[in-house]
Number of protein chains: 2
Amino acid sequence: MTDAFSAAAEPTRRRILQLLAARPRTVSEIAADFPVTRSAISQHLLVLASAGLVEAEKVGRQRIYRVLSSGLQDLQAEIDRFWTHELDELVADAHALRREDT
Amino acid sequence: MTDAFSAAAEPTRRRILQLLAARPRTVSEIAADFPVTRSAISQHLLVLASAGLVEAEKVGRQRIYRVLSSGLQDLQAEIDRFWTHELDELVADAHALRREDT
DNA sequence: ACAATGCGTTAGTCGTCACTAACCTATTTG
DNA sequence: CAAATAGGTTAGTGACGACTAACGCATTGT
């Protein structure tokens, strides 16, 4: 799964990215925020890393994960490429309709 | 898979949404743009429909699919909720770094 | 040196996804 | 009415994703 969009879509990984965006964290720190095992988190991090969204820095016996801003940029570009002008116009229509309802 | 984000993330469904955003289409019209069978497309449309992203209007023996702007609005909200301020700042950093490279 | 800690890795399970092939139903057309 | 067309439906398959349990390997602390 090299596709950043698909990698980031998974709910657990979405939250991991948000946590890491706030500040870099160790694996255990991240895992503490989730009901699943550390192993599961570790594997999610692997997916995110292979999509170029995070990287790990080895410090002592810890691995500090951080978001890779370059990968994040790619993700944003991918989202933007998906979100065409036509899609944007349709959302604008929805807003307009809601305004008429009042 | 009720989650609009996950539903929209799948590459084929992403393209289907873009096609339908440009203009409503029949199933066969959509399927013509993909290498997979009409059945596969039909199932993708079911997923999109159950996520509230598209709807079908029955006209004669055709089914004209169109994007539901309300669902699209929800999707945008979901993406925006994911894309926190912190993530945005990191992307800004990436841009700044690239500028320094020159 | 030895125990504890942090984390990656692997094997295996279960569920789900994307897909095809085949079939069925409704509608239109000759 | 019969053939053709549009498309939903289902069963079955292969692959893969998310997860746990168990183990292995450094690194740190006693």
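Order of the sequence lines sets the chain letters (A, B, ...), proteins ahead of strands, with each chain counted from 1. These numbers were taken from a predicted model, which means no experiment stands behind them.
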Exercise for the section: Compare the minimum distances between each of C/dC19, D/dA21, C/dC7 and the side chain of A/S39, then state the nucleotide with the smallest one. Expected result: D/dA21
Exercise for the section: Provide, to the nearest angstrom, the distance between the CD atom belonging to A/E57 and the P atom belonging to D/dA26. Expected result: 20 Å
Practice task
Assess whether one donor atom and one acceptor atom, taken from the side chain of A/R61 and the base of C/dG8, lie less than 3.5 Å apart.
Solution key: no
Practice task
Would you classify B/Y65 as touching base, sugar-phosphate or nothing, given that sugar-phosphate means primed atoms plus P, OP1 and OP2, and contacts are heavy atoms under 4.0 Å?
Solution key: sugar-phosphate
Problem - Separation of atom CD in B/E10 from atom P in D/dC16, rounded to whole Å - result: 14 Å
Practice task
Name all pairs fulfilling the side-chain hydrogen bond (donor to acceptor under 3.5 Å, both in side chains) condition that reach into residues 58-70 of chain A, sequence neighbours left out, sorted by first residue then second.
Solution key: A/E57-A/R66
Problem - Gap between atoms CD and P, on A/Q62 and D/dG29 respectively (whole Å) - result: 10 Å
Practice task
Classify the nucleic acid contact of A/Q43 as base, sugar-phosphate or nothing, counting any heavy atom under 4.0 Å across all strands shown.
Solution key: base
Practice task
Whole angstrom is fine here: how far is it from CD1 in B/I41 over to P in C/dC19?
Solution key: 7 Å
Exercise for the section: May I ask you to verify if any side-chain N or O of B/R63 is less than 4.0 angstrom from the OP1 or OP2 atom of D/dG8? Expected result: yes
Practice task
Grab the CD1-P distance between B/I16 and C/dA18 for me, whole Å please.
Solution key: 10 Å
Exercise for the section: Look at all strands and tell whether A/S28 reaches a base, only sugar-phosphate, or nothing, counting heavy atoms closer than 4.0 Å. Expected result: sugar-phosphate
Exercise for the section: Using the rule that two of Ile, Leu, Val, Met, Phe, Trp, Tyr join whenever any of their side-chain heavy atoms come within less than 4.5 Å, decide whether B/F82 and A/L48 are in one cluster. Expected result: yes
Exercise for the section: Determine: side-chain N/O of B/R13 to OP1/OP2 of C/dA18, distance under 4.0 Å, yes or no. Expected result: yes
Problem - Between C1' of D/dA6 and CD1 of B/I30, the distance in whole Å - result: 13 Å
Completion exercise
The residue, A/G60 or A/V36, whose nearest nucleotide of DNA chain D is more 5′ is A/V36
Problem - Side-chain N or O of A/K58 closer than 4.0 Å to phosphate OP1/OP2 of D/dT27 - result: yes
Problem - Side-chain (B/Q18) to main-chain (A/R81) donor-acceptor, under 3.5 angstrom - result: yes
Exercise for the section: May I ask you to say whether A/R14 pairs ionically with B/D3, meaning some side-chain N is under 4.0 Å from a carboxylate O? Expected result: yes
Problem - Ion pair check, A/E29 and A/R23, cut-off under 4.0 Å - result: yes
Practice task
Please state how far atom CG in B/L46 lies from atom P in C/dT16, giving the value in whole angstrom units.
Solution key: 17 Å
Practice task
Nearest whole angstrom, please: distance from the C1' of C/dC24 to the CZ of B/R38.
Solution key: 12 Å
Problem - Phosphate contact (D/dC19 OP1 or OP2) by A/H44 side-chain N/O below 4.0 Å - result: yes
Practice task
Compare side-chain N and O positions of A/T37 against OP1 and OP2 of D/dT20 and report whether any pair is under 4.0 Å apart.
Solution key: yes
